Visitor: 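Shown below is the structure under consideration.
This one's a predicted model, so the numbers in the text were calculated from it and none came from an experiment. Naming: A, B, ... by sequence-line order, numbering from 1 per chain.
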2 protein chains.
Amino acid sequence: MYSKRKKHLEARAKVLKALAHPSRLFIIEELEKAERCVCELTEMIGADVSTVSKHLSVLRQAGLVVDDKRGNQVFYRLRMHCILNFFGCVESVLEAQLREQTALLEKVHS
Amino acid sequence: MYSKRKKHLEARAKVLKALAHPSRLFIIEELEKAERCVCELTEMIGADVSTVSKHLSVLRQAGLVVDDKRGNQVFYRLRMHCILNFFGCVESVLEAQLREQTALLEKVHS
DNA sequence: TTGCTTGTTGGCTATATTGCCAAATAGCAA
DNA sequence: TTGCTATTTGGCAATATAGCCAACAAGCAA
C-alpha cells in the first residue's frame, strides 16, 4: 500500500470512527435540525454530561461540528451538512440485512 | 432517546465501525474495481493473512461484502456499490481540515 | 465576595479492537 | 494416502474506547 494512499485512508478512517457511535450519530442528527447546547444534548441522550462532552470533543476533532460559547453555555452545530445525506447508503445496507433476516426466518418456519 | 431510534442508531454505528479502519477501506476500494481473493488482498495490504481474513470477516458481518469460495480460494466482492459514492462527504470533511491546517500554518509563519 | 450553573478534563475500570503466531480446516494434486 | 496451498479460527498481548465520578474552570447573579 503506497504511503500516500495509506495516509489518506487513515484520515478517512478517523472521520468514520468519529461517526461510529450511537450517541454521536444521535448528536449529528439533532444538530442537523438545529444547534444545541451541551445540556440539551445531555438531557436527550440521558448519559453523564462528561460523557456527552467527550463525544462532542471527538466530533469536533474530526471536523464534523463546531462549538460556540455563549454565556456559560456551549452551543454546537454541524460543520458539514452533507453528513446526513451520506447515510443513504448505510441505510441500504441495513435494509438488505433486514431482508436477509426475514428470508432466513421464513425458511426456518417453512 | 426512544428505544426504536436507539436500535436504529446502533445498527448504523455498526456499519460505520466496520468501515472505520484503513485496511478495510482499502479493501472496499479494491473490491470496487474487481473481486479479489484473500491472497491478493493480503499481498496488497502487506499484513498477515489471518489479519486480512479477520478484516474481511468484519466487512462480511456488516453486510458490506460477500464471499464466494472457488477451489481452495475465497473471492470477495462488494455487496453495496453505493459505499464508494458515499465517501464524497467524508472527503469534504478532510478537505476542510486541510484548509484549516494550511490557514493555521500561514498564520504561524506571518 | 459567595454560590449556582454549565462544560471540560483527569483518572479510573471495564470492555473492545488490533495484529501477530499457531493450530485447524478444506481443496487439490501427486 | 501425503503434501502443499489457501483460508479461517483461537489465543494472546498491546492498545484504544466508553462511561462514570471527582475536580476544575468560567460565566453570571446576588
Visitor: Using atom types as modelled, flag every donor-acceptor pair under 3.5 Å from a side chain in residues 45-55 of chain B to any protein atom, sequence neighbours excluded.
Guide:
| residue | atom | partner | partner atom | Å |
| --- | --- | --- | --- | --- |
| D48(B) | OD1 | S50(B) | N | 2.9 |
| D48(B) | OD1 | S50(B) | OG | 2.7 |
| H55(B) | ND1 | R24(B) | NH1 | 3.0 |

Visitor: Write down the distance between NZ (K14(A)) and C1' (dT17(D)), rounded to a whole number of angstrom.
Guide: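 For the pair K14(A) NZ and dT17(D) C1', the rounded distance is 15 Å.
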Visitor: Nearest to the H55(A) side chain among dT7(D), dG27(D), dG19(D), which nucleotide is it?
Guide: dG19(D)
Visitor: Does S50(A) or S53(B) map to a spot on DNA chain D nearer the 5' end, using the closest nucleotide for each?
Guide: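 In this pair, the answer is S53(B).
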Visitor: Using whole Å, report how far CG of L56(B) lies from P of dA6(D).
Guide: 15 Å
Visitor: Going 5' to 3' on DNA chain C, which nucleotide is the first and which the last to come under 4.0 Å of a heavy atom in chain A?
Guide: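 Using the under 4.0 Å cut-off, the span is dT5(C) to dG11(C).
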Visitor: Could you please name the option among dC20(D), dT7(D), dT9(D) that lies closest to any side-chain atom of K54(B)?
Guide: dT9(D)
Visitor: May I have the distance from L9(B) (atom CG) to dA18(D) (atom C1'), rounded to whole angstrom?
Guide: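 Whole-Å distance recorded here is 17 Å.
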Visitor: With a 4.0 Å limit, can you tell me whether R70(A) has a side-chain N or O closer than that to the phosphate oxygens OP1/OP2 of dG27(D)?
Guide: no
Visitor: On DNA chain D, nearest-nucleotide positions of G71(A) versus A47(A): which is more 5'?
Guide: A47(A)
Visitor: Hydrophobic cluster membership, with links at side-chain heavy-atom distances under 4.5 Å among I/L/V/M/F/W/Y: are L78(B) and V66(B) in one?
Guide: no
Visitor: At less than 4.0 Å, is any side-chain N or O atom of Y76(B) found next to OP1 or OP2 of dT8(D)? Yes or no.
Guide: yes
Visitor: Where the side chain of N72(A) is defined as all heavy atoms beyond and including C-beta, which of dG19(D), dG27(D), dC20(D) is the nearest nucleotide?
Guide: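 The nucleotide sitting nearest to the side chain is dG27(D).
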Visitor: Quickly work out the D48(B) CG to dC12(D) P distance and round it to whole Å.
Guide: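 In whole Å, dC12(D) P lies 18 Å from D48(B) CG.
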Visitor: For a salt bridge (charged side-chain N to carboxylate O under 4.0 Å, His left out) check, start with the C-alpha distance between R70(A) and E35(A), then their side-chain angles and the critical distance, and finish with the verdict.
Guide: CA-CA 12 Å; R70(A) 293 208 293 276; E35(A) 65 169 16; 2.6 Å; yes
Visitor: Out of curiosity, F26(A) CZ to R5(B) CZ, how far, rounded to the nearest 0.5 Å?
Guide: 4.5 Å
Visitor: Measure from NE2 on H21(B) to P on dT15(D) and round the result to the nearest Å.
Guide: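 Spelled out: NE2 on H21(B) to P on dT15(D) is 15 Å.
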Visitor: Take E29(A) and R12(B) through the test salt bridge (charged side-chain N to carboxylate O under 4.0 Å, His left out) and record every step on the way to the result.
Guide: CA-CA 12 Å; E29(A) 281 192 350; R12(B) 266 195 187 176; 3.1 Å; yes
Visitor: Rounded to the nearest angstrom, tell me the gap between atom CD in Q73(A) and atom C1' in dA25(D).
Guide: 16 Å
Visitor: Report the C-alpha distance between K33(B) and E30(B) in whole Å, list the side-chain angles of each, state the deciding distance to 0.1 Å, and finish with yes or no for salt bridge (charged side-chain N to carboxylate O under 4.0 Å, His left out).
Guide: CA-CA 5 Å; K33(B) 298 178 202 162; E30(B) 285 308 311; 2.9 Å; yes
Visitor: Quick check: closest heavy atoms across L9(B) and P22(A), and the distance to 0.1 Å?
Guide: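 So the minimum-distance heavy-atom pair works out to CD1-O, 3.9 Å.
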Visitor: To the nearest Å, give me how far apart CG (D68(B)) and P (dT7(D)) are.
Guide: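 D68(B) atom CG is separated from dT7(D) atom P by 12 Å.
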Visitor: How do V58(B) and K69(A) order along DNA chain C: which one's closest nucleotide is nearer the 5' end?
Guide: K69(A)
